[in-house]
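Written out below as structure tokens is the structure these notes cover.
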2 protein chains.
Amino acid sequence: MFSQSEENYLKAIFHLTTAEKKGISTNAIAEKLATKPSSVTDMIRKLSDKKVVSYKKYYGVSLTNSGRKIAANIVRKHRLWEVFLVEKLHFSWDEVHDVAEQLEHIQSPKLIQQLDHFLGFPTQDPHGDPIPDQDGNLKTIEKRLLSTLLKNEAGVCIGVDDSSSEFLKFLDKRGITLGKHIKVLEKEAFDDSLIIEINQQKMTISKKIANNLYIQKS
Amino acid sequence: MFSQSEENYLKAIFHLTTAEKKGISTNAIAEKLATKPSSVTDMIRKLSDKKVVSYKKYYGVSLTNSGRKIAANIVRKHRLWEVFLVEKLHFSWDEVHDVAEQLEHIQSPKLIQQLDHFLGFPTQDPHGDPIPDQDGNLKTIEKRLLSTLLKNEAGVCIGVDDSSSEFLKFLDKRGITLGKHIKVLEKEAFDDSLIIEINQQKMTISKKIANNLYIQKS
DNA sequence: ATAAATATTTAGACAAGTCTAAAAAATGTT
DNA sequence: AACATTTTTTAGACTTGTCTAAATATTTAT
């Protein structure tokens, strides 16, 4: 059994892990969790003793197989709860994160199994992120940042990179939500802004926004 | 804001408080929470500093108004989650307690408000216990222990006193659930057992069982 | 009313998780 | 290669919530 704190560390390492990087740095984890590097060192040593991360001094951390499974399960719970909050309790997608952050630590395999069933076995959370299955497997969807599309290419909005409340509220205000069809009408070389068509109307999108929206090309 | 541990103490005192008794003893709280009396003393002092309990050395504890409100809200959350687990996720009434014990600590007023709405503003949990309203008010229902009914009196099963998993499973096995109509056919003076009619059939019920079942007389 | 039993509190210790400040190792720069 | 900078670790301290053992207060029984 893992404490909430241990679970948070595992989840942070999981999220910081990408195909390329081999070891996650102490500093990166500290920043993600808003703690100090020295605290990270302590916790990492503990998790290493429990065989859920592998760790060599000064070399960074990575999850072991069992650690990855545990972390994926926490992410699974987080995302299922987000779906519940949005679909059943009518939260908006920018309100769910903090509550899901608490709910993900509830320990009850049956609860998650039944919740999954109750929600109709969803495969994505309200931000378009994939929900790991019971064995911790994540199926990644073919997705590209809006900023990588060329002129006249189009697709469907399937996710966000930054899921901060501010960004999500901004998107809501503009009428940009998951599932919306988007076409790139113009790319402005000067400031990398885009003119897109969405909801049958033209809209100008800054570079920053385009860098945070995922599109599934059609 | 109160820690989970603080919340558990407040809830324990709330449950131990009855109309008669004025102060709850250190030992009673320790037993309820499966801790040691010395730990209780420490925590009580802390809660007293926070003005949620009033406390005089060697005299026992009682909740202040604000403490009572906080405790009632925790009970409210606990019972709403129990309803959710049974009605939406098909848990049986003996499985909900441990999970609700965790869920009751989730902090989000909106979550509880929406959950309440989603469940249709229930007034009782799956064991027949009343759900406090948002202001912490409990409306008590006119209820009597089955063991206090006389021969030929009848009513509806509306709750249990002991909600341990064993007892609830026992009741399930006998087909005794909330809402069932029960009539006392015979009272055995010898061992205080009862012969009742339920589900159109006769059944013998021991004193112990009759002391743990609440009936609303009809 | 005094002794025995019980209940409560105090004192001191410990584990988990965090922090600050300082030391050590690795990396970058000239 | 030598120095400066950054990253990471160590050492020691603090908080929360718990415990054991001992001291003190209260209650019960004779």
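Quick note on labels: first sequence line is chain A, next is B, and so on, each numbered from 1.
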Parallel, tilted or perpendicular: ring planes of Phe167(A) versus Phe170(A), cut at 30 and 60 degrees: parallel
Any N/O donor-acceptor pair, Ser38(B) side-chain to dT8(C) base, under 3.5 Å: no
Nucleotide dT16(D), atom P - distance to CZ of Phe2(B) in whole Å: 14 Å
Between C1' of dT7(D) and NZ of Lys56(A), the distance in whole Å: 17 Å
Nucleotide dT8(C), atom C1' - distance to CE of Met43(B) in whole Å: 17 Å
Rounded distance (Å) that lies between atom P of dA16(C) and atom NZ of Lys50(A): 8 Å
Whole-Å gap separating P (dA16(C)) and CD1 (Ile44(A)): 16 Å
Touch class at under 4.0 angstrom, heavy-atom based, for Ser5(B) against every strand present: sugar-phosphate
For Glu95(A), all residues meeting salt bridge (charged side-chain N to carboxylate O under 4.0 Å, His left out), sequence neighbours excluded: Lys110(B)
Gap between atoms CG and C1', on Asp49(B) and dT16(D) respectively (whole Å): 14 Å
Basic-acidic side-chain contact under 4.0 Å: Lys11(B), Glu101(B): yes
Residue-phosphate contact under 4.0 Å: Tyr55(A) side-chain N/O, dT8(D) OP1/OP2: no
Closest to side chain of Ser39(B), choosing from dT10(D), dT10(C), dT18(D): dT18(D)
Under 4.0 angstrom between Tyr9(A) side-chain N/O and dT18(C) OP1 or OP2: yes
Note: Arg76(A)-Asp133(A) ion pair, threshold 4.0 Å (strictly below): no
Contacting residues from residues 25-36 of chain A, given that a heavy atom lies under 4.0 angstrom of DNA chain C: Thr35(A), Lys36(A)
With sequence neighbours excluded, residues passing side chain to side chain donor-acceptor pair (under 3.5 Å) with Arg45(A): none
Pairs where residues 109-134 of chain B contributes a residue and the test ring pair (Phe, Tyr, Trp, His ring centres under 6.0 Å) is met, not counting sequence neighbours: His117(B)-Phe121(B)
Residue-phosphate contact under 4.0 Å: Arg45(B) side-chain N/O, dT9(C) OP1/OP2: no
Distance-only side-chain donor-acceptor flag, Asp125(B) / Trp93(B), under 3.5 Å: no
Protein-nucleotide distance (Asp42(B), atom CG; dA13(C), atom P), rounded to Å: 15 Å
Pair Asn8(B)-His105(B), side-chain donor/acceptor within less than 3.5 Å: yes
Whole-Å distance separating the CG atom of Leu47(A) from the C1' atom of dA16(C): 13 Å
Every protein N/O within reach of nucleotides 23-27 of chain C N/O, cut-off under 3.5 Å:
| from | atom 1 | to | atom 2 | distance (Å) |
| --- | --- | --- | --- | --- |
| dA25(C) | O4' | Tyr58(A) | OH | 3.2 |

Listed partners of Asp192(A) passing salt bridge (charged side-chain N to carboxylate O under 4.0 Å, His left out), at least two apart: Lys207(A)
